[in-house]
Every structure is written in C-alpha cells, then in structure tokens.
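Report on the following structure.
Note: hydrogens, waters and symmetry copies are ignored here, and every other heavy atom, side chains too, is used. Just so it is clear, the model here is predicted, and its values are computed rather than measured.
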Amino acid sequence: QVQLVESGGGLVQMGGSLKLSCAASTRTFSNYDMGWFRQAPGKEREFVASVNWSGVIKLSADSVKGRFTISRDNAKNTVYLQMNSLKPENKAAYYCAAKDKRVVRGKYNYWGQGTQVIVSS
C-alpha cells in the first residue's frame with residue numbers, strides 16, 4: 001500500500017508559478033513510477049506528466065511541455081511538479097499517482113486526495 005499526500009496548490013496569477021509536491025508513505029518509493037494528473041470542473045481527468053522510478057524517463061502532455069517539469073527525490077519519497085507560466089485553463093485539481101514498476105502494463109493504482117490550483121486572469 002502506498003499513501004500519497006499532495007501539497008503546494010493555491011491561487012496564483014496568470015503567468016505565475018507553483019510547485020506541487022507529493023509525499024509517499026512507503027519504504028520502497030523507488031519501486032513506483034509516478035504521475036501527475038488533473039481534473040478541471042466538468043471535465044475528465046487527464047494526464048499531465050510522469051516520471052519513472054529512477055527519475056530518468058519523463059513524459060508530459062503536449063499542453064504543458066516547456067512549462068511544467070516533473071521530478072522526484074527518492075531519498076525524500078517525494079515527487080514534484082514545477083509549473084511555470086500558468087494559464088487560467090490550468091485551473092484544476094491536481095492529483096499524484098503511483099504504479100508499481102514491477103507490474104507489466106501496470107496501472108496507476110494509488111492516488112492522492114488532490115490539491116487545487118487556481119489561476120486568476
């Protein structure tokens with residue numbers, strides 16, 4: 001079992017920055033690939049970015065490329081999402097998620113409670 005707790009959300013002006021954190025309660029954080037997802041009001045949840053267990057392989061949605069950066073610190077059991085040049089349409093609840101790297105075609109089975117990001121225009 002992995003428990004995930006996000007933090008760092010809040011209200012920011014358009015063009016501003018926020019850094020989200022997600023702390024994982026597990027002794028084997030490096031067994032998990034991590035991802036960030038978001039869900040805006042009235043919309044489906046969508047993928048934002050992911051990082052593999054070692055931090056080497058990173059993926060991000062086209063809509064955030066060049067503005068959002070995912071990273072992780074396995075010594076601190078934490079994954080981060082640095083968000084720059086925020087736009088009003090980035091307003092959403094942001095969730096981190098974990099999937100076991102040892103499972104072939106594994107899915108994100110562990111989710112945090114989410115943190116709200118609001119971008120004012």
Side-chain angles (χ1 to χ4, degrees):
Q1 286 287 341
V2 181
Q3 292 187 328
L4 304 172
V5 179
E6 302 96 334
S7 61
L11 174 65
V12 63
Q13 287 190 331
M14 183 173 61
S17 298
L18 280 176
K19 187 174 184 178
L20 306 183
S21 300
C22 173
S25 62
T26 173
R27 294 182 180 179
T28 55
F29 185 59
S30 59
N31 279 345
Y32 296 91
D33 299 331
M34 301 297 296
W36 284 98
F37 295 77
R38 66 186 177 189
Q39 187 168 19
K43 295 188 176 181
E44 293 187 353
R45 186 172 60 196
E46 64 175 358
F47 168 79
V48 176
S50 66
V51 60
N52 78 325
W53 66 274
S54 67
V56 172
I57 301 173
K58 300 178 182 181
L59 301 173
S60 59
D62 288 344
S63 60
V64 305
K65 275 187 170 68
R67 298 188 299 118
F68 291 12
T69 302
I70 190 170
S71 61
R72 67 187 293 161
D73 185 337
N74 286 349
K76 295 183 178 180
N77 282 16
T78 302
V79 62
Y80 305 97
L81 185 68
Q82 176 68 48
M83 306 186 294
N84 299 329
S85 302
L86 282 161
K87 306 175 182 179
E89 55 263 39
N90 298 143
K91 172 185 175 180
Y94 284 72
Y95 300 88
C96 74
K99 63 176 176 176
D100 195 322
K101 71 173 184 179
R102 299 163 294 182
V103 177
V104 176
R105 299 190 187 91
K107 297 183 179 181
Y108 288 99
N109 290 320
Y110 304 100
W111 294 84
Q113 82 290 350
T115 185
Q116 281 288 342
V117 171
I118 301 172
V119 184
S120 64
S121 57

- Task: Assess whether side chain to side chain contact (heavy atoms under 4.5 Å, CB included) is satisfied between Met83 and Val12, documenting all intermediate values.
- Result: CA-CA 11 Å; Met83 306 186 294; Val12 63; over 6 Å; no

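By the rule that hydrophobic residues join a cluster once side-chain heavy atoms approach within less than 4.5 Å of another member, Trp111 and Phe47 end up as members of one cluster. A continuous path of Ile, Leu, Val, Met, Phe, Trp and Tyr side chains, each step under 4.5 Å between heavy atoms, connects Val51 with Tyr110, placing both in one hydrophobic cluster. Under a hydrophobic clustering in which Ile, Leu, Val, Met, Phe, Trp and Tyr are joined whenever their side-chain heavy atoms come within less than 4.5 Å, directly or via other members, Tyr80 and Tyr95 fall into different clusters.
Closest approach of Ser17 to Asn84, counting heavy atoms only: OG-OD1, 2.9 Å. When all heavy atoms of Ala97 and Phe37 are compared, the closest pair comes out as CB-CE1, 4.1 Å. The minimum heavy-atom distance linking Gln116 with Ala93 is given by the pair NE2-CB, 3.6 Å. For Leu86 against Leu18, the heavy-atom pair with the smallest separation is CD1-N, 3.9 Å. In terms of heavy atoms, Ser50 sits closest to Tyr108 at CB-OH, 3.5 Å.
Residue Met34 forms a side chain to side chain contact (heavy atoms under 4.5 Å, CB included) with just one option from Asn52, Val2, Thr78, Leu4, and that option is Leu4.
Distance alone, capped at 3.5 Å, is enough to place a donor-acceptor pair between the Asn77 side chain and the Thr26 backbone. Judged by distance alone, the side chain of Asp100 and the main-chain N or O of Tyr32 form no donor-acceptor pair under 3.5 Å. In this structure, the side chain of Ser25 engages the main chain of Gln3 through a donor-acceptor pair within 3.5 Å. The backbone N or O of Arg38 lies less than 3.5 Å from no partner atom in the side chain of Glu46, so there is not a single donor-acceptor pair. Counting only distance, with no hydrogens or angles, the side chain of Arg72 and the backbone of Phe29 share a donor-acceptor pair below 3.5 Å. A donor-acceptor contact shorter than 3.5 Å links the side chain of Lys58 to the backbone of Ile70.
Note that SG of Cys96 is 8.0 Å distant from CD of Gln113, once rounded to the nearest 0.5 Å. Taking CG of Asn74 as the reference point, atom NZ of Lys76 lies at 12.0 Å (rounded to 0.5 Å). Interatomic distance, NZ of Lys19 versus OG of Ser71, reported as 5.5 Å (0.5 Å rounding). For the atom pair Glu44 CD and Gln39 CD, the distance stands at 8.0 Å (nearest 0.5 Å). Taken from NZ in Lys65 to CG in Leu59, the straight-line distance is 7.5 Å, to the nearest 0.5 Å. Rounded to the nearest 0.5 angstrom, Glu89 CD and Met14 CE are separated by 9.0 Å.
Relative orientation of the Tyr94 and Phe68 rings is tilted, given thresholds of 30° and 60° on the angle between their planes.
Within the 4.5 Å cutoff, side-chain heavy atoms of Val117 are placed close to those of Leu20.
Applying the 6.0 Å contact sphere to NZ of Lys91 captures no more than 12 heavy atoms from other residues, nucleotides or ligands.
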